[in-house]
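Notes to accompany the following structure.
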2 protein chains.
Amino acid sequence: MSETATTRATDALRALIFKGALPPGSDHLEAELADRLGMSRTPVREALMRLEDQGLVTLRPRRGARIVGLSADDMNDIYEVLTAIESAAAARAASRALDAADLAPMRRAIADMENALAAGDLEAWAEADDTFHEGLLAASGNARFAETAARYTDQVRRARMVTLRLRPLPRRSNEDHLAVLDAIERGDSDSAGLLHRAHREQARVLLTALLREHQLTWV
Amino acid sequence: MSETATTRATDALRALIFKGALPPGSDHLEAELADRLGMSRTPVREALMRLEDQGLVTLRPRRGARIVGLSADDMNDIYEVLTAIESAAAARAASRALDAADLAPMRRAIADMENALAAGDLEAWAEADDTFHEGLLAASGNARFAETAARYTDQVRRARMVTLRLRPLPRRSNEDHLAVLDAIERGDSDSAGLLHRAHREQARVLLTALLREHQLTWV
DNA sequence: CACATCATTAACGTATACGTTAATCCATGC
DNA sequence: GCATGGATTAACGTATACGTTAATGATGTG
């Protein structure tokens, strides 16, 4: 496909950011990054603009691209948006008369979370959790929900690198997921929306408290 | 401030798109636009990338930048996202114990809409309507709500160029606005959210029907 | 006449060049 | 000692150059 230097730069920089190799709050000059990625400034510049639009960096002329950090307050705001989007998606999914086959990915994700929890594999749990939420957004049938949520799940994923091991085991979480899925399957739009909202709000309270406790002013 | 060619290009292209000078569905080469704006390809390219992230164009290598069009289905999806964001914003605003002074911009916008309606000035009404919705998002205290909504209000505004004169006079609309504002002022979070949701859903049904009737496959 | 193959070309992606300007440093004056 | 102003410099914004490649049309073949 179109394996342009700009896409390679975007992917590489995203990976570096998520790995923590470019830590939140750090500054990076275009030329420096270009060197590091073995290309000229042009594609790096374009990649940085895209990343700025994705909310991962802020461009500060002559001071470099700053990797954005996340305060507990930021995370709170982000969760609120995500909650609004996803619970609307859940309600809409419920109104679409989906059958078991359509919801299979979500059901499988729930099973994967169970297994991961039993095995004590937090990374696997997190991945399955992502899959569930992606499935929910897809089930809504409105691609713009997924598009909009993506920007914020990026940030949540970044924060989770830190919080995953600090938080209590997500036992209760899967009951929520099941309840949401059942509401969707039986076409109960209001319940699906409300249940999912409650689910996300719990996560919001839990995680922002965690970030605050540990003084994690950024991830 | 920083009046760079890229920002000038972005603003100019946005203006051309909203004016209809670059009609939905039309294709435009980088070099052509650069000529038209009296600059080199570089800043135009950067502007186009930003506009792509804003959902106003899609970049198709060697075929130019295509101005995105809006079908009735697109508008439906867009309204759903907007509804989710704004009603969450309304609910949050209600929970913040804002006083009359904080809500003054919204109240003024409502008055402006009344006056505009009485004067039969639809453009003024639309502008005041925007102001109300912006005020609502600002009142939420979560800047990310406004940020997220902006992308979609752009599209609604584009569609409105066409629908404004086709739709019935927005008489009922202002009652909704007042009810939402009152719910926010008395701190009734649930009502604020539900009322605003109902308000936006009415608009969604009305406008998508309008677009469908008139076979406006794009704006 | 349909279709495949090849040549042409023009739009793009990327590198590079260069002028502008904001940040930094140092000298000077208060 | 601190502030002010000017010189220095380096990062950026923009223009331009250039190789690559997809789209287009021509040519040949079944």
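Note on naming: letters A, B, ... go to the chains in the order of the sequence lines (proteins, then strands), and numbering restarts at 1 for each one.
- Comparing A:Thr42 and A:Gly64 by the nucleotide of DNA chain D that holds the closest heavy atom to each, the one mapping nearer the 5' end is A:Gly64.
- Judged purely by atom type and a 3.5 angstrom limit, A:Asp77 has no side-chain atom pairing as donor or acceptor with the backbone of A:Glu80.
- One donor-acceptor pair, N or O on each side, does fall under 3.5 Å between the base of C:dT21 and the side chain of A:Arg62.
- B:Glu52 places its CD atom 13 Å from the P atom of C:dC12, with the value rounded to the nearest Å.
- Interatomic distance, B:Asp102 CG to B:Ile184 CD1, rounded to the nearest 0.5 Å: 11.0 Å.
- In this structure, A:Leu33 places its CG atom 14 Å from P of C:dA15, rounding to the nearest Å.
- When the shell of 6.0 Å around CD of A:Glu127 is examined, it contains 12 or fewer heavy atoms from other residues, nucleotides or ligands.
- Remark: P of C:dG13 and CZ of B:Arg41 are 8 Å apart, rounded to the nearest angstrom.
- Atom C1' of nucleotide D:dT9 and atom CG of A:Leu29 are separated by 13 Å, given to the nearest angstrom.
- In terms of heavy-atom proximity, A:Met75 sits nearest to A:Gln155 at CE-O, 3.9 Å.
- Spacing between atom CD of B:Glu32 and atom P of C:dA10 amounts to 15 Å, rounded to whole angstrom units.
- One finds a side-chain N or O of A:Arg45 lying less than 4.0 angstrom from the OP1 or OP2 phosphate oxygen of D:dG13.
- Atom CG in A:Asp27 sits roughly 13 Å away from atom C1' in D:dA11 (whole-Å rounding).
- Between the P atom of D:dA15 and the CD atom of B:Glu46 lies a distance of 10 Å, rounded to the nearest Å.
- Put simply, CG on B:Leu59 is 11 Å from C1' on C:dC12, counting in whole angstrom units.
- Two residues, A:Arg63 and A:Ser40, neighbour DNA chain C, and the one matched to the more 5' nucleotide by heavy-atom proximity is A:Ser40.
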